[in-house]
Amino acid sequence: MTTTESKPTSSSPTLFGPVPSQPSFRELEAGVLERWQQEGIFERTQERREGQPEFVFYEGPPTANGRPALHHVLARSFKDLFPRYKVMQGYHVTRKGGWDTHGLPVEISVEKKLGLQGRNHGASRAELEEFNRLCRTSVWETIQEWNTFTERLGYWVDLSDPYITYQNRYVESVWNLLKRLHAQGLVAQDYKVVPLSPRISTTLSKAELGEVDSYRMVDDPSVYVRFPVIWDTLPERAHAALSALGGEDRQGLALVVWTTTPWTLPSNTLAAVNADLTYVVARGAEGGPIIVAADAVERLSGLHKGAAPLEVLASFPGRDLEGVEYEPPFPEVAVELGVLKELHERNADGRPVMHFVTLADFVSAADGSGVAHEAPAYGAEDLELARQYGVPLMFGVDDRGILQVTGERGKFFKDADRGLVADLKARGLMFHAGTLRHRYPFHDRTGDPILYFAKKGWYIRTASMSGRMLETNEAINWVPPGIKHGRFGNWLEGNVDWAISRERYWGTPLPFWMSEDGDLRVVGSVAELSELAGRDLSELDLHRPYIDDVTFELGGKTYRRVPEVLDVWFDSGSMPYAQWGLLTDETGERALPGFEANKTQFERHFPADFICEAIDQTRGWFYSLHAISTMLYDQPAYKNVICLGHIVDETGAKMSKSKGNVVEPLPLFDRYGADSVRWYMFMASDPGDQKRFSERLVAEAQRSYVNTLWNVYSFFVLYANLDRPGLEDAPAVSERPEMDRWLLARLEETVRDVTASLDAYDARSGGRALERFVGELSNWYVRRNRNRFWGEGGQVDLSAYATLHEALLTVSQLTAPFTPFLAESMYGNLTRGQGAQSVHLTRWPQVRPERLDERLTAEMAAVIKVVDLGRAVRGAHNLKTRQPLASATVRAGTPELQGALRRSQTQIMEELNVKAVTFLEGVTDLVEYSLRPNLPVIGKVYGKALPSVRAALAAADAAAVARAVQAGESFTVEAGGQSFELTPDGVLVDAKAPEGVAAAEDAGFLVAFDTALTRELVQEGLARDLVRGIQEARKAAGFEVQDRIRLSLELSGDAREAAEVWRDFIAGEVLAGELTFGPGEGYAAEVEGGTAHLTRI
RNA sequence: ACGGGAGUAGCUCAGCUGGUUAGAGCGCACGCCUGAUAAGCGUGAGGUCGGCGGUUCAAGUCCGCCCUUCCGUACCA
């Protein structure tokens, strides 16, 4: 393939580079890539638009050490489309690449290499140094693959100067953001419940915890424990609810809580009920009355076999119980652990510190008693609740799973259950003790049960920003729109504080330095740190372990860095700022000295006009970008976002290495071309929907669009190079035939539609408009006008050539953002090097309203309709198109379109191969009519009377109504004594051709054929059969289309006769310079009625 | 389990605010066309619109419940 590279010269024998009918897209794309590279086209698209308005695009950084996969093709196709489009629209687009380089995936891959899985490898400084060194290099192991992939797809992004999250400049900028957040009071240290593998006390990531595999069915205790209510301090509301109880009942009254983890009972700090559930006081055979959910009464009654059912004494909503204090099951623990000075200690405002009833939505009566025991140190929901009520944590079990309190102290948590239950029984606090079979997670490697444990960590107070984030979200255009208030909006609404710290090694170190007494100093730049440390740190690697060496004295206290590193999502969410190395003062208003230019760059590129990633980023990058920008700039970080669905395999299963159904992108590009793969990505489904991928669909994308366009292009070049049309001398558009003006009107509509779609970030609609146009171009314009390109006898149809040339050239521009290689190749050749250096440097076509012609396009649509209908009739009645028929009768739905059909009579005759067309006015006996109500019109008018109208229509004289409708007159129908006057638009007239009549009607159009064959018609049909046979033989013989031949026809019977009658016609059609009858020489082929012999002359 | 998508022909997908006989492409069968030709076009078969119930003159479309599947969050007394 050399079409694009070869520069036509004045001495070139052809005007256009030759275009093979079946190109190798792999070679074509390789050629285009090479030219882009050599001529620096991508760079030129940036230079050329310097000083133009900026269209701001953000590259969401892939994790560098992963491998490029099919979903990256999807995202990168879209990420490429809109910037290309905007550049053609005249915008400047900075397309800075970026890499996400920190975090667990990198650590895990290095751990695997070192065989360190699950071990605490940060133990020594030397180990950590080596580990992080390996992380830093391992990040780039697949970089070459990424670069190849990115280039091959045609994704234009500047990979020469990407932002890299581990670089000092980036890290420092992230520090600066954290300092600003801290200045706003948004950074805090708090507890977070994490899954631990006890004994080794290692926090497990979600990946390590596995999905389902690590859950096992186990038998655990299921115990119902009494928490005696303290009557003296009963809040007013509860007092009122319980007022019905007598003195004796008040004595023994207790909440009954349910738990499957008795080992958490010593750490109990709260009980929880659901405000909206009904609770009751109930009395059983033994012990005092109990408080449980009404819906749990039956279940609890069933626990004690043989005992009388519980008797309900009072009932009230759960919210009445808020604040009720109780005796904890292990009262001495709180004081022993030093959490309370004394049991039932109170805050300054008189409220108890702990051990009271709270309200929580998550409590249900579906299991247990409807009263939940809360040990916030060992459960995420519990912790959240404790936070809400400002209650401190109690750690009865340490992070190695060892019980620290009670008579069971020293035991492993799961082993302590039995003793604790026995203790409670002995003290009369056990309402019931049983077992429950349920799922519980285990750590695969150690085999230990997982311990959920509250560890201290660093937070950003995003929960308090939830409202504001929802407001700034309003300004974002989400594609698909449902995400805005659905997935993303819900996420923002239920937003909790952002846990930004990780007890890991390879990450942005938190810039938090603390003194022994807990004073926090957040450092916002290397310069600041240098000053504090009293030495120049500008050359220091900001990662661990080096950064941990930096300490400083302040006010007589020594400050050391906290050990944690930063959540990688904060890294990537910082890219609008950190990609430019933004450093500012705490307010964000002034750049730090020396960083003014960085701030200018940032301001020019904030917020983004467009970002695009897959849907899982709603909780990832979409969120981190949004949260940080809302907190720091009180506005969204992006204005438009396309949220892509995932790609699954043909059967709907997720693609994964273990299933072996992963599709490699590069071989796909080689087989079908990157353009076809891109086209598939844009067109396969709504971008937000999931795509079931199959290679067949890429092949189909190629056939239906890329190949069709290529065929037309190839057709044009083939004949243009024979005819050498002087395109610049073509007649003005208004002087051209209707057919040409029609095509240009459709082209203009296509420009309009594609532009509108892309402006709305709707790639698919734009693609559809293009596909439709290319289809019409190929299947109507070119097919109808083929002979205008044959330039017989030196006559060149400049109008046809100029029209087709312009259509192809404009399509090359419209398709450029979608299929950049094909577009480039076509454009370069069609302009013969006289146009712009690249199609991607051209200006996007403007709509020329004067060329739009709705009347013309509607009329042509009518002609196409009639031809399609006619062909359908021929098909249905086995009347092959090659056989001429005497006449066709046609009718259009409206008088205007009827006029259009008259004007296009010749076209219709040719397409339908008939000798005459007659035009039918009004209703005809050729078809049978039936009537249907036009429901959208009359439904609203008649409503419940509709069934009667239906009946009336069914009973009416269909032909008579049809006549009225045709004439545009109202008519009356009757049924059951009622009569209805209907307007013509109130009824739909259907027509059906009777058996044996070759006719069809659809949407008001009708086509019927006179099927009687005369001897002449049969002869002509035979002649055309012969022509076709000979044409096929020409091709089989390997002749070129313009070759002239010597032809001998050895025929018998009717065929011989027909050939003699149509001799000149046949000779002309097959370019036979000599035509003889009888035996001959050269290539022989079977044709209708005999044999043809062909020789090239 | 909860939240959000999705479920329409063998496959991939359209079907707007409820309204005409539910459509397209691929695949299949049959046929056509051919100076684009290892292309192109037409016709046909193929559908309980995931299921059940409801609202309505009218439901693929609205409501409720259920099932399947994907994504996310969680694993909770």
Side-chain angles (χ1 to χ4, degrees), chain A residues 21-22 195 209 215 222 257-261 264 271-272 360 362-364 366-375 379-382 438-441 450 452 480 482-483 486-488 490-491 494 614-616 618-619 645-646 648 650 652-654 683-686 688-694 696-697 699-700 703-704 707-708 710-716 718-719 768 778-779 782-783 786-787 789-790 868 871-872 874-876 878-882 932-940 942-950 987-988 990 1027-1028 1031-1032 1034-1035 1040-1042 1069-1071:
Chain A
S21 57
Q22 321 151 35
L209 202 53
Y215 281 81
S222 165
V257 303
W258 177 61
T259 181
T260 54
T261 54
T264 61
F362 61 79
V363 176
S364 82
D367 299 298
S369 63
V371 185
H373 138 69
E374 299 293 314
E381 284 180 326
D382 305 32
H438 69 157
R439 280 160 26 102
Y440 196 86
I450 297 295
Y452 287 92
I483 309 276
R487 185 178 281 241
F488 196 65
N490 292 343
W491 169 254
I615 190 153
D616 49 277
T618 37
R619 265 78 163 165
H646 286 107
V648 295
E650 285 176 276
K654 205 155 93 173
M683 303 300 287
S685 66
D686 257 354
D689 286 349
Q690 192 175 84
K691 284 178 178 54
R692 285 198 180 198
F693 179 85
S694 121
R696 283 188 305 107
L697 298 171
E700 191 183 317
R703 258 203 312 279
S704 66
N707 277 351
T708 307
W710 187 269
N711 262 328
V712 176
Y713 165 56
S714 165
F715 171 87
F716 170 82
L718 177 65
Y719 290 105
R768 283 211 175 130
S778 169
N779 294 325
V782 171
R783 184 161 59 79
R786 264 189 301 240
N787 53 9
F789 294 91
W790 296 344
D868 284 347
R871 281 206 286 253
R874 274 190 174 259
N878 236 337
L879 302 164
K880 58 184 178 182
T881 311
R882 224 178 301 125
R932 274 179 302 137
N934 189 5
L935 291 174
V937 174
I938 66 169
K940 287 183 182 68
Y942 289 96
K944 298 199 179 199
L946 217 50
S948 311
V949 179
R950 259 182 220 277
V987 69
L988 297 160
D990 296 314
V1027 167
R1028 179 184 165 228
Q1031 297 291 23
E1032 235 160 53
R1034 279 182 60 112
K1035 193 173 153 47
E1040 297 294 324
V1041 292
Q1042 69 275 21
E1069 286 293 303
V1070 303
L1071 297 186

- Message: Using only atom types and a distance under 3.5 Å, with no angle test, would you say the side chain of Tyr440(A) pairs donor to acceptor with the backbone of Ile450(A)?
- Response: yes
- Ala375(A) to Asp382(A) - nearest heavy-atom pair and separation: N-OD2, 3.2 Å
- For Ser778(A), report the nucleic acid contact type (base, sugar-phosphate, nothing); a contact means any heavy atom under 4.0 Å. base
- Are the ring centres of Phe715(A) and Phe789(A) closer than 6.0 Å? yes
- side-chain contact (heavy atoms from CB on, under 4.5 Å) partners of Ser704(A), counting only residues at least two apart: Glu771(A)
- Message: Let me check I have this right: for RNA chain B, each base becomes ., (, ), [, ] or |, based on Watson-Crick or G-U pairs with both distances under 3.5 Å. What is the full string?
- Response: (((((((..((((.....[...)))).(((((.......))))).....(((((..]....))))))))))))....
- Query: Using a cut-off of 4.0 Å on non-hydrogen atoms, how would the nucleic acid contact of Ser364(A) be classed: base, sugar-phosphate, or nothing?
  - Reply: base
- Check every strand shown and say whether Val371(A) touches a base, only sugar-phosphate, or nothing at a heavy-atom separation below 4.0 Å. nothing
- Residues at least two apart in sequence or cross-chain that pass side-chain contact (heavy atoms from CB on, under 4.5 Å) with Ala614(A), listed by chain then number, are Asp616(A), His646(A)
Which atoms of nucleotides 1-7 of chain B (N or O only) lie under 3.5 Å from a protein N or O atom, and what are those distances?
residue, atom, partner, partner atom, Å
G3(B), O2', Asn490(A), ND2, 3.3

- With heavy atoms under 4.0 Å as the rule, sort Ser714(A) into base, sugar-phosphate or nothing. nothing
- Query: Taking the side chain of Tyr452(A) as heavy atoms from C-beta outward, which of U12(B), C75(B), G35(B) is closest to it?
  - Reply: C75(B)
Please list, for nucleotides 15-17 of chain B, all pairs of protein and nucleotide N/O atoms separated by less than 3.5 Å.
none

- When you get a sec, tell me which of C26(B), U12(B), C76(B) is the closest nucleotide to the side chain of Glu700(A)? C26(B)
- Query: C76(B), A36(B), G40(B): which one has an atom nearest the side-chain heavy atoms of Arg703(A)?
  - Reply: G40(B)
- Query: Sub-3.5 Å donor-acceptor pair from the side chain of Thr708(A) to the main-chain atoms of Arg703(A), do we have one?
  - Reply: yes
- What does Val257(A) touch in the nucleic acid at a heavy-atom separation under 4.0 angstrom: a base, only the sugar-phosphate, or nothing? nothing
- Please tell me which of the listed nucleotides, C75(B), A36(B), G35(B), lies nearest to the side chain of Leu1071(A)? G35(B)
- Query: Out of C75(B), A39(B), C76(B), which has the shortest distance to the side chain of Ala380(A)?
  - Reply: C75(B)
- Query: Val363(A) near the nucleic acid: base, sugar-phosphate alone, or nothing, with a heavy-atom cut-off under 4.0 Å?
  - Reply: base
- State yes or no: are the ring centers of Trp710(A) and Tyr713(A) separated by less than 6.0 Å? yes
- Message: Taking any heavy-atom pair under 4.0 Å as a contact, classify Thr259(A): base, sugar-phosphate, or nothing.
- Response: sugar-phosphate
- From C76(B), U12(B), A36(B), nucleotide with atom closest to Leu697(A) side chain: U12(B)
Please produce a list of atom pairs where a protein N or O lies less than 3.5 Å from an N or O of nucleotides 30-33 of chain B.
residue, atom, partner, partner atom, Å
C32(B), O3', Thr881(A), N, 3.4
C32(B), O2', Thr881(A), OG1, 3.3
C33(B), OP1, Arg882(A), N, 2.5
C33(B), OP1, Arg882(A), NE, 3.3
C33(B), OP2, Arg882(A), NE, 3.3
C33(B), OP2, Arg882(A), NH2, 2.1

- Task: Please measure how far the C1' atom in G64(B) lies from the corresponding atom in U73(B), and state the result in whole Å.
- Result: 26 Å
